[in-house]
Protein chains: 2
Amino acid sequence: MRDLLYLKDDQIKDFIEEIFYAYRETYSDPKKILKKYSFGTAHHRAIHLIERHEGLTVSELLSRLKITKQSLNRVLRDLINNKTIILKKGEVDSRHRQIFLNEKGKKLFEEIFLEQKKRIYNAFKNSDSDSVIKFKKVLKKIINE
Amino acid sequence: MRDLLYLKDDQIKDFIEEIFYAYRETYSDPKKILKKYSFGTAHHRAIHLIERHEGLTVSELLSRLKITKQSLNRVLRDLINNKTIILKKGEVDSRHRQIFLNEKGKKLFEEIFLEQKKRIYNAFKNSDSDSVIKFKKVLKKIINE
DNA sequence: GTAGATATGTCAATATAGCTGACCCAAAAC
DNA sequence: GTTTTGGGTCAGCTATATTGACATATCTAC
């Protein structure tokens, strides 16, 4: 064991605090834009995942969000009413609903993303490439623990 | 410009998704313990910050949490009633209230932390020391952007 | 010493995002 | 043809946040 300071409790406590700040700040940035559309962070997360995994089913979205279907349904209803997303019957299994952003949804996502991107982009631009790659590696390990 | 793939939009979108997962998982772990005490994540965050910055004032806690004083007050009231924290008048400026965990609060924090620590500890133990150091560097940059 | 600013506390109403539990329908699997 | 799965919905509740108004104690500046 050399300088494994970061395994000390105090350092880990700091990390726990910082992960909270990083999440909060990253998801705070686009709140003004969301408000224009009467959407909140719940809608944002759904839109983000739909953009990243176009055509995903309701149950796939549920397992990524880890919320109840009743909670998700309110969000999806809002997005459908707003003509931000559309649901299509699954071709293989027509019980499934595949979720897609339509044109309006894609534009909204881009508007949100443009705002949210800045923070991450600047942080990475001011880091060396090795740091960013290792940041991702550790982040993934935290998620998959 | 070499292989700055991580500055591409798609990669940044992935990071935004992963920061959400990392936060959610990190703060989900101790929820069962919190429930035993009828506390939620709002109480958890307050307890965490009080432990990390013992004797901090109400307004310092507010600016770290970035919530309204009305929201914080409900949380602090619960914690006081539960004899988890105590508030003391500031010695220099007696308008201030300095917040401290008492014995019960310290025990509760340790119980929560023990559960929450595992995820981070294991992720770091399975990473090399350079990765963890760079993880922290980038995390800080994201926060301070 | 008084006026104004600051730190904190509190009441009331509202919004957002989640939960549990019950029940429904359509389609697939057996 | 019965059971299971994927999805939708109603109703009521909880947790956490908000806005706005107002109260009190203490400090600062004049």
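Any value given below was found using the heavy atoms of this structure, including those in side chains, with hydrogens, waters and symmetry copies removed. Here is how names work: the chains are called A, B, and so on, in the same order as the sequence lines, proteins then strands, and each is numbered from 1.
- Which of D/dT9, C/dA7, C/dT10 sits closest to the side chain of A/Lys69 comes down to D/dT9.
- Across the interface with DNA chain C, nearest-nucleotide mapping of A/Lys35 and A/Ile67 shows A/Lys35 to be the residue nearer the 5′ end.
- One interatomic measurement links the two molecules: CD1 of B/Ile85 to C1' of C/dG9, which rounds to 14 Å at whole-angstrom precision.
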Point to revise | salt bridge (Lys or Arg N to Asp or Glu O under 4.0 Å) between B/Lys66 and A/Glu25, intermediate numbers included | key: CA-CA 10 Å; B/Lys66 285 200 189 169; A/Glu25 297 306 316; 3.0 Å; yes
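- In terms of position along DNA chain C, the nucleotide closest to B/Glu60 lies nearer the 5' end than the nucleotide closest to the other residue of the pair B/Glu60 and A/Thr41.
- Across the protein-nucleic acid pair, A/Leu34 atom CG and D/dT18 atom P stand 16 Å apart, rounded to whole Å.
- Distance NE2 (B/His96) to C1' (D/dT26): 10 Å, rounded to an integer number of Å.
- Distance from the side chain of B/His43 is smallest to D/dT16 among D/dT26, D/dT16, C/dG9.
- Other residues, nucleotides and ligands place no more than 12 heavy atoms under 6.0 Å from the NZ atom of A/Lys125.
- One interatomic measurement links the two molecules: CZ of B/Arg95 to C1' of C/dA7, which rounds to 6 Å at whole-angstrom precision.
- Of the residues near DNA chain D, B/Lys89 and A/Asn73, the one whose nearest nucleotide (by heavy atom distance) lies more toward the 5' end is A/Asn73.
- Residue B/Ile47 contributes atom CD1, which lies 15 Å from atom C1' of D/dT16 at whole-angstrom precision.
- Using a 4.0 Å heavy-atom criterion, one finds that A/Leu87 contacts the sugar-phosphate atoms exclusively.
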Side-chain donor-acceptor contacts of residues 41-50 of chain A below 3.5 Å, not counting sequence neighbours, with atom names and distances?
| residue | atom | partner | partner atom | Å |
| --- | --- | --- | --- | --- |
| A/His43 | ND1 | A/Gly40 | N | 2.9 |
| A/His43 | NE2 | A/Asp78 | OD2 | 2.9 |
| A/His44 | NE2 | A/Gln116 | OE1 | 3.1 |
| A/Arg45 | NH1 | A/Tyr23 | OH | 2.9 |
| A/His48 | NE2 | B/Lys13 | O | 3.1 |

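- Considering only side-chain atoms of B/Ser71, the nucleotide from D/dG7, D/dT18, C/dT8 that sits closest is D/dT18.
- With C/dA22, D/dT19, C/dA7 as the candidates, the nucleotide lying closest to the side chain of A/Gln70 is C/dA22.
- Note on A/Thr68: a base of the nucleic acid sits closer than 4.0 angstrom, heavy atoms only.
- B/Phe109 does not carry B/Lys106 over the face of its six-membered ring by the limits of under 6.0 Å from the centre and within 45° of the normal.
- Atom CG of B/Leu72 is separated from atom P of C/dG9 by 9 Å (rounded to the nearest Å).
- Side-chain N/O atoms of A/Glu17 and B/His53 include a donor and acceptor closer than 3.5 Å.
- One can place CZ of A/Arg77 at 11 Å from P of D/dA11, the figure rounded to the nearest angstrom.
- Using a 4.0 Å heavy-atom distance criterion, B/Arg74 is classed as a base contact.
- Note: CZ (A/Arg24) to C1' (D/dA17) measures 13 Å, nearest angstrom.
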